[in-house]
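Inspection log for the structure reproduced underneath, given as structure tokens.
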Amino acid sequence: MSDVESAEDADAGEDDPEWSLPDDLAAARKALIEWYEADHRAFPWRETDDPYEILVSEVMSQQTQLDRVVDAWEAFLDRWPTTADLAAADRADVVGFWTDHSLGYNNRAKYLHEAATQVETEYDGAFPTDPDGLQDLMGVGPYTANAVASFAFNAGDAVVDTNVKRVAYRAFDVPDDDAAFETAANDLMPAGESRVWNNAIMELGGVACTQTPRCDEVGCPWREWCHAYQSGDFTAPDVPTQPSFEGSRRQFRGRVIGTLREYDELAIDALGHRIRVDYAPDGEYGREWLLGLLEDLADDGLVDVDRSGDEPIARLQR
DNA sequence: ATCCGGAGAT
DNA sequence: ATCTCCGGAT
């Protein structure tokens, strides 16, 4: 007597997924949590539940490999231990710190500064505790909101980052589709365990289900359920290729910030010659080009341009 | 060449 | 809703 699921005609079944979670989901969850708790990388932010400290670690982690984040994270919190301290800081100092520690996108330093100000002025010094509330903070989107809600308050939904996507795609054939990933990630997560769960599944993606997988080396707890492990096909979701950094606009943005930190203020041509050797005031990469760059940086709240004199003067915004 | 989440533009 | 940009070490 075979089962025969209700006929092939029945429901609006044509879009029913060709992926599914394990039948014994409870066992798979337990295996992952036990694997994580037995051994994992000891990052310092995994030992705090202070939402500010967590937020700083998440924002830094968005652009920098974790091993290099540790030093920056400790130095940042040493300098600005609380949201009150950060909110009281000069923006230029926060951006300067970001540059000094090679943390990438300067706007994130600004966002962090702004978020601290929001917490102080709009939330009376206490972070919102749920993902929706956290998303009101500058620079906090769905990923960061769920991470902070989980790690600080154990009150998040499933985190969906590229690690989680890769795991779901390989292990359960979840299609390369944001909505599907979100559904799968939330179905996987045991209710009320967002703190340990999101740590565990991201650890899995970070050390086991890496681009070149290390299933056996690290004793992946999901081998018995993993479709990729069984088929040997470890294809990962497509990651759109990025334009090269060399010669890019953002390379020159970075040089402007770095140069203006060195000189309090700089006339536009002096600045131009310092950020690119082929600068020529009237050339293709001249005043017009540089003013456009500076205008964007000014819009981002990073640079001020004084155009009152005959030659525009740039400085870091304070 | 690769890596990434959020903002802003479209 | 989808696409482009951002920083710079690896």
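Side-chain atoms are counted along with the backbone in the values below, which use heavy atoms only and exclude waters and symmetry mates. It should be emphasised that the depicted structure is a prediction, and the values quoted were computed from it without experimental measurement.
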Next item on the list: Rounded to the nearest angstrom, tell me the gap between atom CD in A/Q211 and atom C1' in B/dC3.
Entry: 10 Å
Notebook entry, point to check: Of the residues in residues 145-165 of chain A, which ones touch DNA chain B at a heavy-atom distance under 4.0 Å?
Noted result: A/D161, A/T162
Notebook entry, point to check: Would you say a side-chain N or O of A/R108 is under 4.0 Å from OP1 or OP2 of C/dC6?
Noted result: no
Next item on the list: Pick base, sugar-phosphate or nothing for A/Y143, based on heavy-atom distances below 4.0 Å to the nucleic acid.
Entry: sugar-phosphate
Next item on the list: Check the distance between C/dG7's P and A/Q251's CD and give it to me in whole angstrom.
Entry: 11 Å
Note to self: Heavy-atom count check: over 12 atoms from other residues, nucleotides or ligands less than 6.0 Å from A/R261 CZ?
What the structure shows: yes
Check: Expressed in angstrom and rounded to an integer, what is the separation of A/L137 atom CG from B/dG6 atom C1'?
Finding: 13 Å
Note to self: Base, sugar-phosphate or nothing for A/V59? Non-hydrogen atoms, less than 4.0 Å.
What the structure shows: nothing
Check: Should we say atom CG of A/D299 is surrounded by more than 12 heavy atoms from elsewhere, each under 6.0 Å from it?
Finding: yes
Checklist line | B/dA9 to C/dG7 separation - P atoms, rounded to the nearest Å | finding: 16 Å
Check: To the nearest angstrom, how far is A/K110 atom NZ from C/dC6 atom P?
Finding: 13 Å
Margin query: Looking at B/dG6, I'd like to know if its phosphate oxygens (OP1 or OP2) sit under 4.0 Å from a side-chain N or O belonging to A/T144.
Written below: yes
Note to self: Tell me whether A/R315 forms a cation-pi arrangement with A/Y263, defined as NZ or CZ under 6.0 Å from the six-membered ring centre and within 45 degrees of its axis.
What the structure shows: no
Next item on the list: Would you indicate what A/P142 reaches in the nucleic acid, counting non-hydrogen atoms under 4.0 angstrom: base, sugar-phosphate, or nothing?
Entry: sugar-phosphate
Item checked: side-chain hydrogen bond (donor to acceptor under 3.5 Å, both in side chains) between A/D216 and A/Y229, intermediate numbers included -> CA-CA 10 Å; A/D216 295 323; A/Y229 189 75; 2.7 Å; yes
Notebook entry, point to check: From the list C/dG7, B/dA7, B/dT2, which nucleotide is the closest neighbour of the side chain of A/T241?
Noted result: B/dT2
Item checked: Residue among A/W35, A/F172, A/Y36 satisfying ring pair (Phe, Tyr, Trp, His ring centres under 6.0 Å) with A/W222 -> A/F172
Notebook entry, point to check: Can you find a side chain N or O atom of A/S102 that sits less than 4.0 Å from OP1 or OP2 on C/dA9?
Noted result: yes
Notebook entry, point to check: Within the structure, does a side-chain N or O atom of A/R249 lie under 4.0 Å from either OP1 or OP2 of C/dC5?
Noted result: no
Note to self: Tell me the interatomic distance from A/R250, atom CZ, to B/dC4, atom P, rounded to whole angstroms.
What the structure shows: 14 Å
Check: So A/W289 and A/F252, would you call those rings parallel, tilted or perpendicular, with 30° and 60° as cut-offs?
Finding: perpendicular
Next item on the list: Could you check which of B/dC4, C/dG8, C/dC6 has an atom nearest any side-chain atom of A/T99?
Entry: C/dG8
Notebook entry, point to check: Whole-Å distance between C/dG8 C1' and A/Q63 CD?
Noted result: 10 Å
Notebook entry, point to check: Expressed in angstrom and rounded to an integer, what is the separation of A/Y111 atom OH from C/dG7 atom P?
Noted result: 10 Å
Note to self: In this structure, how many angstroms lie between the P atom of C/dC5 and the CD atom of A/Q242, rounded?
What the structure shows: 11 Å
Next item on the list: Pick base, sugar-phosphate or nothing for A/N106, based on heavy-atom distances below 4.0 Å to the nucleic acid.
Entry: sugar-phosphate
Check: Between A/Y279 and A/H273, how do the two ring planes meet: parallel, tilted or perpendicular, split at 30° and 60°?
Finding: perpendicular
Margin query: For A/Q63 versus A/G104, what's the shortest heavy-atom pair and its separation?
Written below: OE1-C, 3.4 Å
